[in-house]
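Below: the structure, in structure tokens.
Note that this is a predicted model, so its numbers are computed, not measured. Counting from 1, the numbers follow the sequence of the chain as shown.
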Amino acid sequence: SSFPTPVTFLLMLQMWQKTCSPEAGDFAEEILSRMEIVGIYQNELKHFPNAYVLALECWFTAARAGRSGAAERAFRLLKMTEAQDGRNRTFCDSIFDESSEAFETSGSMDAHIRMYPVMLKICAATHEKQDMSRAMAIAFEIYDKMINGRIKPSPRTFEMMYMCVKKFLDHHPEEERQGMLQKVFDPASKHGITRGELMGRHKESLRRDHLHTDSGTRHSGGERNSIRGTRNIFSNKH
């Protein structure tokens, strides 16, 4: 067959996920679009949810790189996955295994629920000022979905929410900032996570992000070369 295989699409998505490119999410969605077209002719691609999860991870890459609107675009992709899921348990079980970063709780969960932690990472990684309000709103919406779905939040869940709120309120009056942060501290305490633990996790995340930024700067040249071929594939748009 002259059509790309599922492995081809996965490798392309993984390539973009591992870059530091703000274009990662946009090209991931272009890859998904091509995959869906090929899926018309190949049954093995008609139900291939792993690709959508990787595409969401690509939006996390884009958000970290400063892509404006990354959280909104990622949320749109998540909602599309929710619609495709159709509460199909077989579909969701094919997406993740227990070794996945997004597998936060034990037992079987719907696909979109397992994607919630990735969406929270994207919101927390948002640092464009005009996007922070929307990213924070999405983070709280994801949290509500988890609670309504009886999914126990992890410390990581509250850490991501804390980061969203703190970034958004950095230039707001102290009283307003503390009031909004309390909306994270209160539910976190109900799950046995203290204010001090959240703040400590946040400081550690900042340290890791600093190391990640330094590493990304050193390797950016090589990454640009590694994705050149992928970009060329989609350069001839009609």
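- Between the side chain of H191 and the backbone N or O of S154, no donor-acceptor pair lies under 3.5 Å.
- For the pair P153 and I147, the minimum side-chain heavy-atom distance is below 4.5 Å.
- Closest approach of M180 and L169 over heavy atoms only: CB-CD1, 3.1 Å.
- The closest side-chain heavy-atom distance from E197 to P155 is below 4.5 Å.
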message = Run the side-chain contact (heavy atoms from CB on, under 4.5 Å) test on F75 and I142 for me, step by step, so that the C-alpha distance in whole Å, both residues' side-chain angles and the decisive distance to 0.1 Å come before the verdict.
response = CA-CA 10 Å; F75 192 47; I142 293 296; 3.9 Å; yes
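- Atom CE of residue M115 and atom CG of residue L56 lie 4.5 Å apart, to the nearest 0.5 angstrom.
- Minimum interatomic distance between I193 and F158 (heavy atoms only, all atoms of both residues): CD1-CD1, 3.4 Å.
- In this structure, the separation between OG1 on T126 and CZ on R134 is 11.0 Å, given to the nearest 0.5 Å.
- One distance of note links OG of S21 with CH2 of W16; it measures 4.5 Å at 0.5 Å rounding.
- Between Y162 and F185, the ring planes lie tilted relative to each other; the angle falls in the 30° to 60° range.
- A distance-only check finds a donor-acceptor pair linking the side chain of K167 to the backbone of A124 [under 3.5 Å].
- Contact check for M161 versus M136: no side-chain heavy atoms found under the 4.5 Å cut-off.
- Between R73 and E29 there is a salt bridge, since at least one side-chain N of the basic residue sits less than 4.0 Å from a carboxylate O of the acidic one.
- Using a 4.5 Å heavy-atom cutoff, the side chains of Y143 and V184 are not in contact.
- Two different hydrophobic clusters hold L32 and I37 under the rule that ILVMFWY side chains link at heavy-atom gaps under 4.5 Å.
- Across all their heavy atoms, A24 and C58 have their closest contact at CB-O, 3.5 Å.
- Under a 3.5 Å cut-off, the side chain of T61 and the backbone N or O of Q17 do form a donor-acceptor pair.
- Looking only at side-chain heavy atoms (C-beta outward), L78 and Y116 come within less than 4.5 Å of each other.
- Inter-residue side-chain proximity for I138 and M119 is flagged as met; some heavy-atom pair is nearer than 4.5 Å.
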query = What's the verdict on side-chain contact (heavy atoms from CB on, under 4.5 Å) for E57 and Q14, showing C-alpha distance, side-chain angles and the deciding distance?
reply = CA-CA 9 Å; E57 289 282 5; Q14 288 171 344; over 6 Å; no
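- Taking both residues in full, the closest heavy atoms of A74 and W59 are given as CB-CB, 3.7 Å, listed atom of the first, atom of the second, then distance.
- Checked for salt-bridge contact, R76 and E72 miss the test: no charged N lies under 4.0 Å from a carboxylate O.
- The nearest pair of heavy atoms linking L13 to A51 is CD1-O, 3.5 Å.
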task = With side-chain contact (heavy atoms from CB on, under 4.5 Å) as the test, would you mind laying out the steps for R64 and K121 before giving the verdict?
result = CA-CA 10 Å; R64 295 191 72 170; K121 287 196 309 180; over 6 Å; no
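- R195 is not listed as a side-chain neighbour of S189, based on a closest heavy-atom distance of 4.5 Å or more.
- Side-chain atoms of T157 and M146, non-hydrogen and from C-beta on, do get closer than 4.5 Å to each other.
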F140 and V165: CA distance, side-chain angles, deciding distance, side-chain contact (heavy atoms from CB on, under 4.5 Å) verdict = CA-CA 10 Å; F140 276 99; V165 174; 3.6 Å; yes
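- L181 approaches K166 most closely through the heavy-atom pair CD2-N, 4.3 Å.
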